[in-house]
Amino acid sequence: MGAIVLIAILLFGAMTMGMLYPFFTEQIEGALDDELRTIAAALEQSGEEILPSLGEANADSRLTWISEDGEVLFDSRSDAQSMENHLHRPEVEQALQKGVGGSIRRSDTLGVRTIYRALRMGDGSVLRISEDQSSIAGLLLRLLPFFAVMLCLTFFLIALVSKRVTQRIVQPINALDLNAPADNVTYPELTPLLKRMAEQMRSIDRYIAELTAQKTEFAAITQNMREALLLLNARGEIVFLNHSATEMFGLEREKCEGQYLLALSRNMRLSEALEAAKRGESFSEVMERNGRQYQLIASPVQKDGEVTGVVLLLPDISARVAAEKSRREFTANVSHELKTPLTIILGYAEIMENGIAGEDKLREFAGRVHQEAERMLAMIEDILKLSRLDEGRLPDIPRPVALKALCERVARRFEEPAKAADLTIRVEGEEAEVQGQETMLEEVVTNLVDNAVKYNRPGGSVEITIARSTDGVRLCVRDSGVGIPKEYQQRVFERFFRVDQSHSDSVKGTGLGLSIVKHAAALHRAEVTLESQVGKGTAISLRFPLPDQL
């Protein structure tokens with residue numbers, strides 16, 4: 001506003017001066033002509049003696065009397081005798097020729113111009129009068145202080161008024177509710193802008209909602225993953241890690257995001273995986289941490305041919321590694337266990353085939369072959385049972401099974417072997433029903449009682465107890481036998497594991513009985529516990545859930 005006012009004042013002043021300056025010049029020339037005629041009349045009437053007084057009376061003007069030949073006869077401001085000849089002055093020449101004359105001469109150094117008017121007298125002489133007039137530039141310089149004062153006052157008023165006007169203009173703008181731009185009532189000029197803002201906010205809200213939904217979905221998926229997941233940028237800094245990763249590395253998510261992974265873990269496999277991924281290569285190796293096995297998978301994230309990040313996935317493969325190890329051990333044990341009776345069978349068969357043994361030994365050898373074949377058959381049956389148990393489901397629909405009646409039936413079956421080993425078997429407790437598959441439960445009890453008889457001592461006992469409580473039905477088979485050393489108690493449920501590592505003939509067995517017990521109990525959702533002391537006996541208990549707890 002100040003600049004506009006300044007330009008307006010300057011333009012107005014320039015236009016005014018340009019329009020009025022010629023008018024002022026004409027007015028001065030007319031006034032000088034009137035004054036010149038008055039002085040000429042007085043000069044003709046009173047003579048040249050009146051000239052000094054006329055010059056003093058017209059102090060603002062310069063009066064000069066010039067002879068017909070150009071000699072200066074009188075000048076009100078200078079000594080006439082010292083002045084040069086004025087015959088060729090433009091106004092003098094015009095007056096001598098036409099009776100009147102005039103001219104204007106400019107002085108750039110003084111910033112003024114002089115207006116000359118001349119009149120020829122009756123005797124041929126010329127009377128001239130002149131007056132100084134400021135030039136436009138000079139006039140502007142004289143008016144400059146006035147302009148300066150006027151501009152200061154104008155700018156003060158502009159500052160005061162513009163502040164108030166601006167406050168009134170800005171107040172409705174500051175009061176706008178930017179959360180709902182379309183609901184504001186303000187200047188019509190702002191309506192298109194507010195509409196665009198409302199559309200943009202709706203677009204932003206939709207975009208944020210989509211991002212939030214994606215983030216929530218991503219968090220729900222990744223945080224519930226059992227596999228450890230880490231997202232790194234191209235520099236190897238952690239951008240994201242899920243709950244499994246924080247547990248695996250023992251870190252807090254808030255403290256490790258933005259940190260270099262290798263600064264938090266110096267694992268050589270991690271370093272190799274990152275280097276491979278930064279080269280744009282995939283990486284997959286087994287990594288061990290905290291006693292567990294992980295499959296370290298590193299995949300580069302590329303954009304326009306450049307690696308912008310790395311995805312690390314670490315699924316826990318400890319169970320798979322253990323299963324593979326167990327499979328190898330199982331295969332080796334099966335091979336070993338089958339090889340022994342087969343070797344015996346082949347040996348006796350070769351003896352009988354070659355006729356080396358006498359007739360009296362043939363029956364003995366045939367019995368031994370039959371015995372080893374039965375041992376192989378029993379082992380194969382146990383392996384098939386375990387194979388069915390590994391399928392993870394009961395072969396039939398679970399039904400109520402009377403547990404005490406089942407145990408009494410198994411006990412009667414072992415009465416003869418127990419009597420031969422000088423053992424007593426008794427079943428105690430109350431009748432209780434469990435949900436399950438009767439044949440499989442009978443196999444479980446049979447294996448437990450079989451072990452209790454085999455590994456007992458003469459004069460010992462085998463107790464089968466059934467008890468019902470609020471937490472379930474408990475079946476316990478307790479013997480007074482040799483017991484199991486503490487270091488072996490966790491392994492007796494492994495396949496083919498026997499405390500008697502010599503595989504002697506003192507105790508017959510396949511080493512699969514307790515493994516069958518463990519798997520069958522798991523299918524019946526029963527909890528197996530073992531208590532044993534060397535020389536005092538062993539107690540193996542199964543706690544079955546009540547039917548209403550299933």
Short N-O contact, Arg117 and Glu91, less than 4.0 angstrom
no
Mind checking whether Val301 and Val311 have side chains closer than 4.5 Å, heavy atoms only?
yes
Above 12 or not: heavy atoms from other molecules or residues under 6.0 Å from CZ of Phe155?
yes
So, Asp75 and Arg62, do they make that salt bridge, N to O below 4.0 Å?
yes
Would a 4.5 Å heavy-atom cut-off, applied to side chains only, mark Lys195 and Pro192 as touching?
no
Calculate, to the nearest 0.5 Å, the distance between atoms CD1 and CD1 belonging to Ile115 and Ile28 respectively.
4.5 Å
Heavy-atom pair with the smallest gap, counting every atom of Leu190 and Ile173
CD1-CG1, 3.8 Å
Could you tell me the separation between the CD atom of Gln81 and the CG atom of Leu73, rounded to the nearest 0.5 Å?
10.5 Å
Side chain to side chain, Glu285 and Gln295, heavy atoms closer than 4.5 Å:
no
Can you name the closest pair of heavy atoms from Leu514 and Phe493 and give their distance?
O-CD2, 3.4 Å
Does the side chain to side chain contact (heavy atoms under 4.5 Å, CB included) test come out yes or no for Val528 and Ser541, once each step is laid out?
CA-CA 6 Å; Val528 181; Ser541 302; over 6 Å; no
With the side chain counted from C-beta on, respond yes when Leu523 and Met440 share a heavy-atom pair under 4.5 Å apart, and no when they do not.
yes
In short, Arg269 meets Leu296 closest at the heavy-atom pair O-CD2, 3.5 Å
When you compare the side chain of Gln435 with that of Arg525, does any pair of heavy atoms fall below 4.5 Å?
no
Surrounding CD of Gln167 (heavy atoms of other residues, nucleotides or ligands, distance under 6.0 Å), is the total greater than 12?
yes
Does Gln45 have more than 12 heavy atoms from other residues, nucleotides or ligands lying within 6.0 Å of its CD?
no
Between Leu546 and Gly472 the two heavy atoms that sit nearest each other are CG-CA, 3.8 Å
How about Arg120 and Val100: do any of their side-chain heavy atoms sit closer than 4.5 Å?
no
Give, for atom CG of Leu312 and atom OH of Tyr294, the distance between the pair rounded to the nearest 0.5 Å.
14.0 Å
Between Phe240 and Leu232, is a side chain to side chain contact (heavy atoms under 4.5 Å, CB included) present by the stated rule, with each step listed?
CA-CA 7 Å; Phe240 171 84; Leu232 314 177; over 6 Å; no
Measuring from atom CD of Gln171 to atom CG of Asn174, what distance do you get when rounded to the nearest 0.5 angstrom?
8.0 Å
Heavy-atom distance under 4.5 Å between the side chains of Val492 and Leu530, does that happen here?
yes
Does Asp132 pair with Arg113 as a salt bridge, N-O distance under 4.0 Å?
no
Heavy atoms from other residues, nucleotides or ligands near CD of Glu531 exceed 12 (cutoff 6.0 Å)
no
Just checking, is any N or O donor in the side chain of Asn242 or Ser244 under 3.5 Å from an acceptor N or O on the other one?
no
Is Lys215 salt-bridged to Glu210, cutoff N-O under 4.0 Å?
no
Would Gln489 and Glu487 count as a side chain to side chain contact (heavy atoms under 4.5 Å, CB included) here? Give the steps.
CA-CA 6 Å; Gln489 291 180 9; Glu487 62 268 23; over 6 Å; no
Closer than 3.5 angstrom, by distance alone: can the side chain of Ser76 be matched with the main-chain N or O of Leu63 as a donor-acceptor pair?
yes
Partners meeting side chain to side chain contact (heavy atoms under 4.5 Å, CB included) with Pro52 (sequence neighbours left out)
Phe74
Lys/Arg cation over aromatic Phe544: Arg474, 6.0 Å, 45° cone:
no
Electrostatic pair Arg235-Glu237, nearest N-O below 4.0 angstrom
yes
Is there a donor-acceptor contact under 3.5 Å from the side chain of Thr154 to the main chain of Met150?
yes
Would you check, one step at a time, whether the test side chain to side chain contact (heavy atoms under 4.5 Å, CB included) holds for Ile50 with Ile39?
CA-CA 9 Å; Ile50 200 173; Ile39 294 173; over 6 Å; no
Are the side chain of Arg543 and the backbone of Asp471 linked by a donor-acceptor contact shorter than 3.5 Å?
yes
Gln94 versus Gly101, closest heavy-atom pair with distance:
OE1-CA, 3.4 Å
Rounded to the nearest 0.5 Å, the CD1 atom of Ile297 sits from the CD atom of Glu227 at a distance of 9.0 Å
For the backbone of Ser78 and the side chain of Ser82, can you confirm whether one donor and one acceptor N or O come within less than 3.5 Å of each other?
no
With salt bridge (charged side-chain N to carboxylate O under 4.0 Å, His left out) as the test, would you mind laying out the steps for Arg292 and Asp316 before giving the verdict?
CA-CA 7 Å; Arg292 301 191 66 81; Asp316 189 343; 2.7 Å; yes
Nearest 0.5 Å, please: how far is CG in Leu43 from CG in Leu51?
5.0 Å
A side-chain contact here means heavy atoms from C-beta on lying under 4.5 Å apart; do Ile66 and Glu71 qualify?
no
What pair of heavy atoms forms the shortest contact from Leu96 to Gly124, and how long is it?
CD2-O, 3.7 Å
Residues Thr114, Glu131; criterion side chain to side chain donor-acceptor pair (under 3.5 Å); working and verdict:
CA-CA 6 Å; Thr114 305; Glu131 185 174 333; over 6 Å; no
Check: Glu84 main-chain N/O paired with His86 side-chain donor or acceptor under 3.5 Å:
yes
Using 4.0 Å as the upper bound for N to carboxylate O, is an ion pair formed by Glu199 and Arg196?
no
Quick check on Leu211: does its CG atom have over 12 non-hydrogen neighbours (other residues, nucleotides or ligands) under 6.0 Å away?
yes
Check Lys98 with Glu93, please: is the shortest side-chain N to carboxylate O separation under 4.0 Å?
no
Heavy atoms of other groups near Gln302 CD, more than 12 under 6.0 Å:
yes
